[in-house]
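The structure appears below as structure tokens.
Residue numbers begin at 1 in each chain, while the letters A, B, ... track the order of the sequences.
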Amino acid sequence: MNIGACLTQPRNCDSARCHSLETHIRAHSPMNLFELFQNRIAACVSDLGQSVDLPKGVDTGRITVEPPRDPSHGDLATNAAMVLAKDASMPPRVFAEKLVPRLQALEGVSSVEIAGPGFINLRLDSSLFHGVLRSILTDREAYGRSTKGKRKKVNVEFVSANPTGPMHVGHGRGAVFGDALASLLDFAGYDVTREYYINDAGAQVDILARSAFLRYREALGENIGAIPEGLYPGDYLVPVGEALSKQYGSSLLKQSEKEWLPIVRQAAIDAMMDRIREDLAALAINHDVFFSERSLSEGGNRDEIAALIDELKSRDLVFQGRLPPPKGAPVEDWEDREQTLFCATQYGDDVDRPLLKSDGTYTYFAADIAYHRSKYLRGFKTMIDVWGADHGGYIKRMTAAVKAATDGLGDLDVKICQLVRLLRNGEQVRMSKRSGDFITLREVVDEVGRDAVRFMILYRKNDATLDFDLGKVIEQSKDNPVFYVQYAHARCASVARQAQTSINPGSDEFKHADLKRLTDESERGVMHRLAQYPRLIESAALAHEPHRIAFYLHEVASDFHALWNRGKDHPDLRFVIENDRDLSIARLALVDSVRIVLASGLSVLGVSAPDEMR
RNA sequence: GACUCCAUAGCUCAGCUGGAUAGAGCAGCCGCCUUCUAAGCGGCAGGUCGGAGGUUCGAAUCCUCCUGGGGUCGCCA
């Protein structure tokens, strides 16, 4: 690509047709001011390379363009000179001086200055930010949507709670996080599949079946007494037992466990999964795929796990060997024996991992490898798993296994959600596991609402522990970020309602608003903030960090509340100025833009954007 | 013992994959309601980014070693 020839024009743009930058912005929406300038600055650097002694093919990828922390530094700052100084073998500031004239020649740049160790600060024409506003008002809910993902298939596996009981708040965190991450990736242009891995094989679900069978006998009138140690005591299995008694009468009693267990097990799993799906639906979470672990070895005419192990064997990644005894707390029934191991150490794990139990059945790990290989075979090169904190020690072996099972072509990113501490007005809410009557996720959602649960979970990094206070999250005050952000949206809507009774803007009037009338510093500040939204979406999606959206929304809300209040101190800054229709329209267009971005971000997080909150 | 996550204002936390003088919110102090929702806003004060080295133009951020906490540690899922 001949970048130099298109120096003052945006890249990939026919210069004859693209005569103004604002036109360009509107023609290439969704637009990202920062990306645009990153490309243009990179082009300037490449062009400079023809006259200055720059190595061929210099890496311009490290150039960043970001808003300076201090607004007095300008609108955009780039580190181009500092990053490339070494390649150019000259001090950053000297390189910067050579670059400045070219940057100054860029359309829309009003001034350029070198600062500090070699930052280049750009001041932009207001028209650029007006262009941003127009693209918001035109694209509406599509503003910020990115094509960066190039429709690449991404599999987000989350929740995957064992179908042995109701979900607790910890599951809820993974559920909300995974769902928001999936939405974020979708918004950033990926082809996302939400997936749930049902652990319906192994010992746990057999225990579930025995527990349910007990409830079945109870439903038939038997006095079962206390639930024996080792079985699930929760009364959520009572309805399962009753359903079984209705369907089968007493006929199961005559069968051996070998006969009734598969029947009861499947019924119990189905009942648990129905309930889990309901609980997820209460949080507006819907998976695209529910993948059964059991189906890997029993489902069709082929044992996927055996196939996987065979394949790994053929590539010399499986061997018979012995493992050193586990460190830490001693394991009572440890016996040194030769077993079937996957060479996880070849892929960065600390020890090799067993694929078969001593009874000859597959380990959970073996099934999990086959499962991840299945994802890969279904076209997902990028996989994201969302796990609870207690599975942190499992990451190395799974990423190792994915590398091995996909021959290095698949990529797994495991996101760990740390523990949730449930509080009520500062007092910790104890969850007694023994009795089985712990506080379920559903109870929490029913008490404080979906929005509060979702936003508070997302208002924290996934790998930091979360204090969730049932009292605080429903407070209607600025201390509660859920309310604070939603209220900003409601306020925008309220302003629009009020305006209908005064200047009553036409349906298409905002798009043609005279945005040059927005001259106040706070108005300019809001425009800058809104301009960052597309960039934020892309970086949050790339980092797999939806919490950045929540914090950004809090900042937008803060900007807006401040703007709103300025109208109190300065009546000339009120949104609606009775005798100045053009100014009012411009300001209402800004308010509408704020509302659109708030609604968009909240939508990505799966939180509602109410028009009023009385 | 090994691996892993964390340590930032009195408290709860951000810090945009290495950028400029480290930021919010609570709590504290001082202000702002005849006004588009005061359910809000402005200001002041508050810091050896756990400690010590290292990498480079530049480190809260990356590497090593300490200190203090959470989690995990064949055949559970």
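Gly392(A) comes within 4.0 angstrom of nothing in the nucleic acid, heavy atoms only. Heavy atoms of Ser494(A) sit under 4.0 angstrom from at least one base atom. Backbone-only engagement by Arg460(A) is indicated by non-hydrogen atom pairs under 4.0 Å involving sugar-phosphate atoms exclusively. Residue contacts for Pro354(A): at a heavy-atom cut-off of 4.0 Å it reaches the sugar-phosphate backbone alone, with no base atom in range. Residue contacts shown for Asn121(A) include a base, since a base heavy atom lies under 4.0 Å away. Residue Ala201(A) is in sugar-phosphate contact alone, with no base atom involved, counting any heavy-atom pair closer than 4.0 Å across all strands shown. Using a 4.0 Å heavy-atom distance criterion, Ala115(A) is classed as a base contact. Glu555(A) comes within contact range of no nucleotide atom at all, as no heavy-atom separation falls under 4.0 Å. Residue contacts shown for Thr465(A) are limited to sugar-phosphate atoms, with no base heavy atom under 4.0 Å away.
Side-chain atoms of Ser539(A) stay outside donor-acceptor range of the base of rC16(B), with no qualifying N/O pair under 3.5 Å. Between the side chain of Arg566(A) and the base of rC41(B) there is no donor-acceptor pair of N/O atoms closer than 3.5 Å. For a distance-only test at 3.5 Å, the side chain of His554(A) fails to qualify as a donor-acceptor partner of the base of rA14(B).
Nucleotides rG53(B) and rA60(B), compared at atom P, are 14 Å apart to the nearest Å. Here the separation of rG54(B) from rG47(B), taken at their P atoms, is 27 Å to the nearest Å. If you take atom P in rC44(B) and the same atom in rU4(B), they sit 44 Å apart, rounded to whole Å. Using atom P as the reference point in both rC49(B) and rG42(B), the two lie 28 Å apart (nearest Å). Here, rC33(B) and rC16(B) have their P atoms 39 Å apart, quoted to the whole Å. The separation of rC41(B) from rC63(B), taken at their P atoms, amounts to 39 Å, rounded to a whole angstrom. Here the separation of rA14(B) from rU8(B), taken at their P atoms, is 11 Å to the nearest Å.
Here Trp564(A) does not pack flat against the base of rC36(B), since the 5.5 angstrom centre distance and 30 degree tilt limits are not both met. With centroids closer than 5.5 Å and planes inclined by less than 30 degrees as the test, Phe119(A) and the base of rA20(B) pass as a stacked pair. Put simply, His73(A) rests on the base of rA20(B): the two rings are less than 5.5 Å apart at their centres and nearly parallel, under 30°.
Of the candidates rG74(B), rG19(B), rA77(B), rA77(B) carries the atom nearest the Tyr394(A) side chain, counting heavy atoms from C-beta on. Each of rC75(B), rA20(B), rA77(B) was ranked by its minimum atom distance to the side chain of Pro68(A); first place goes to rA20(B). Taking every side-chain heavy atom of Tyr364(A) into account, rA77(B) is the closest of rC3(B), rC36(B), rA77(B). You'll find that the side chain of Arg548(A) is closest to rC16(B), out of rC57(B), rC16(B), rC36(B). Side chain of Arg574(A), nearest nucleotide from rA20(B), rC5(B), rU35(B): rU35(B). Considering only the side chain of Tyr487(A), rU37(B) comes nearest among rU37(B), rC13(B), rC75(B). Nearest to the side chain of Arg491(A), among rA77(B), rU72(B), rA38(B), sits rA38(B). Proximity note for His547(A) (side chain, C-beta onward) versus rA20(B), rC36(B), rA14(B): the nearest is rA14(B). Nearest nucleotide to the side chain of Lys461(A), out of rU37(B), rA77(B), rA14(B): rA14(B). Distances were taken from every side-chain heavy atom of Asp390(A) (C-beta onward) to each of rG19(B), rU72(B), rA77(B); the shortest belongs to rU72(B).
Pair assignment for rA24(B) gives rU12(B), based on Watson-Crick or G-U wobble hydrogen-bonding distances that are each under 3.5 Å. Pairing for rA7(B) goes to rU67(B), judged as Watson-Crick or G-U wobble with the two contacts each under 3.5 Å. Base pairing of rG74(B): no nucleotide in any strand meets the Watson-Crick or G-U wobble criterion (both distances under 3.5 Å). Under the Watson-Crick or G-U wobble criterion, with both distances below 3.5 Å, rU55(B) is left unpaired in every strand shown. Base pairing of rG42(B) is made with rC30(B), judged by Watson-Crick or G-U wobble geometry with both donor-acceptor distances under 3.5 Å. With a cut-off of 3.5 Å on both pairing distances, rA60(B) has no Watson-Crick or G-U wobble partner at all.
Note: Phe342(A) and Phe365(A) have tilted aromatic rings, judged against thresholds of 30 and 60 degrees for the angle between ring planes. Phe551(A) and Tyr459(A) have parallel rings, their planes meeting at less than 30° on a 0 to 90° scale where 60° marks the start of perpendicular.
Exactly one residue among Phe177(A), Tyr197(A), Phe158(A), Tyr394(A) makes a ring pair (Phe, Tyr, Trp, His ring centres under 6.0 Å) with Trp387(A). That residue is Tyr394(A).
If you take CG of Asn79(A) and P of rA59(B), they are 15 Å apart, rounded to a whole angstrom. Between Leu419(A) atom CG and rG69(B) atom P there is a gap of 18 Å when expressed in whole angstrom units. Distance His171(A) NE2 to rA77(B) P: 15 Å, rounded to the nearest Å. In this structure, CD of Glu521(A) is placed 13 Å from P of rG42(B), rounded to the nearest angstrom. Leu563(A) has its CG atom 11 Å from the P atom of rG42(B), to the nearest Å. Regarding Lys472(A), its NZ atom lies at a distance of 8 Å from the C1' atom of rU12(B), rounded to whole Å. In this entry the distance linking CH2 of Trp334(A) with P of rC73(B) reads 15 Å, nearest Å. Computed from coordinates, the Arg535(A) CZ to rG15(B) P distance equals 13 Å when rounded to whole Å.
A side-chain donor from one of Gln204(A) and Tyr232(A) sits under 3.5 Å from a side-chain acceptor of the other. The closest side-chain donor-acceptor pair between His528(A) and Asp75(A) falls under 3.5 angstrom. Of the N and O atoms on the side chains of His544(A) and Asn462(A), not one donor lies less than 3.5 Å from an acceptor on the other residue. Judged by distance alone, the side chains of Thr501(A) and Gln498(A) never bring a donor and an acceptor atom under 3.5 Å apart. Side-chain polar atoms of Gln320(A) and Thr340(A) form a donor-acceptor pair below 3.5 angstrom.
Between rC16(B) and Gln532(A), no contact under 4.0 Å exists linking OP1 or OP2 to a side-chain N or O. In this model, the phosphate group of rA77(B) is approached by a side-chain N or O of Lys357(A) to a distance below 4.0 Å at OP1 or OP2. Contact check, Lys86(A) against rU56(B): no side-chain N or O comes under 4.0 Å of OP1 or OP2.
Of the inter-residue distances, the one linking Ser522(A) atom OG with Leu573(A) atom CG reads 6.0 Å to the nearest 0.5 angstrom.
Taking the syn range as angles within 90° of 0, the glycosidic angle of rC33(B) is syn.
Between Glu523(A) and Arg587(A) there is a salt bridge, with a side-chain nitrogen of the basic residue lying less than 4.0 Å from a carboxylate oxygen of the acidic one.
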